[in-house]
Visitor: 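Structure incoming, see below.
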Amino acid sequence: FPENLESLLLSDNHIHTLKNVIFPDFLKFLRLSNNKISSLADAIFPDSLEELNVANNRISNLNNVNFPRYLYELSLYGNPIPENQRKTNR
């Protein structure tokens, strides 16, 4: 990816995993909705990320996910996440 990329739209691409993906350091907006992602545990998101949309995937567990420090918007709807993991303290 280009180093100075701030917005990346990858919805509807049949993506299964984020393992070994290196996102740009200055990325602020990442849209990965409507894919086939089952886990975020292997993802390494840049600290600059402010918005992450992973709606309508196959994510069923939020354990061991390292969300970026400054993330202020996270869309997870349409994923089979258990009720006890839906409310998290930051």
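Only heavy atoms go into these numbers, but all of them, side chains included; no hydrogens, no water, no symmetry mates.
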Visitor: Would you indicate whether the side-chain heavy atoms of L8 and L30 approach each other to under 4.5 Å?
Guide: yes
Visitor: Flag yes if more than 12 heavy atoms outside N66 fall under 6.0 Å of its CG atom; otherwise flag no.
Guide: no
Visitor: Do you know which two heavy atoms are closest between S60 and P82, and how far apart they sit?
Guide: O-CD, 3.1 Å
Visitor: Applying side chain to side chain contact (heavy atoms under 4.5 Å, CB included), run through T17 and I37 and close with a yes or a no.
Guide: CA-CA 5 Å; T17 183; I37 299 167; over 6 Å; no
Visitor: Do F23 and L18 come close enough that some side-chain heavy atom pair is under 4.5 Å?
Guide: yes
Visitor: Please answer: with hydrophobic residues joined when any side-chain heavy atoms are less than 4.5 Å apart, are F26 and Y70 in the same cluster?
Guide: no
Visitor: Y77 vs N56, test: side chain to side chain contact (heavy atoms under 4.5 Å, CB included). Steps then yes/no.
Guide: CA-CA 6 Å; Y77 65 88; N56 298 314; 3.7 Å; yes
Visitor: How close do E51 and L71 get, counting heavy atoms only, and between which atoms?
Guide: N-CD1, 3.8 Å
Visitor: Taking atom CD1 of I59 and atom OG of S39, what is their separation to the nearest 0.5 Å?
Guide: 7.5 Å
Visitor: Do you know the tightest heavy-atom contact between L32 and L10?
Guide: CD2-CB, 3.7 Å
Visitor: How many angstroms lie between atom CZ of R69 and atom CD of E50, to the nearest 0.5 angstrom?
Guide: 14.0 Å
Visitor: Apply the test side chain to side chain contact (heavy atoms under 4.5 Å, CB included) to residues F67 and L49: give CA-CA distance (whole Å), side-chain angles for both, the deciding distance (0.1 Å), then the verdict.
Guide: CA-CA 9 Å; F67 290 110; L49 195 65; over 6 Å; no
Visitor: Look up atom NZ in K36 and atom NE2 in H16, then write down how far apart they are to the nearest 0.5 Å.
Guide: 5.0 Å
Visitor: Side-chain contact, heavy-atom cut-off 4.5 Å: F1 with L27?
Guide: no
Visitor: Between atom CG of L5 and atom NZ of K28, what is the distance when rounded to the nearest 0.5 Å?
Guide: 12.0 Å
Visitor: How many angstroms lie between atom CG of N61 and atom CG of L40, to the nearest 0.5 angstrom?
Guide: 9.5 Å
Visitor: Quick one: does S11's side chain have a donor or acceptor within less than 3.5 Å of a partner on N34's backbone?
Guide: no
Visitor: Run the side chain to side chain contact (heavy atoms under 4.5 Å, CB included) check on L62 and L76 step by step: do they pass?
Guide: CA-CA 10 Å; L62 294 178; L76 288 164; 3.9 Å; yes
Visitor: Is the number of heavy atoms from other residues, nucleotides or ligands within 6.0 Å of CD1 (I44) greater than 12?
Guide: no
Visitor: Quick one: are L9 and F29 in side-chain contact, heavy atoms under 4.5 Å?
Guide: no
Visitor: So, does N35 use its side chain to make a donor-acceptor pair with the main chain of I15 at under 3.5 Å?
Guide: yes
Visitor: Between the side chain of N53 and the main-chain N/O of A55, is any donor-acceptor distance below 3.5 Å?
Guide: yes
Visitor: If you compare all heavy atoms of D25 against all heavy atoms of S48, which two are closest, and at what distance to 0.1 Å?
Guide: O-OG, 2.8 Å
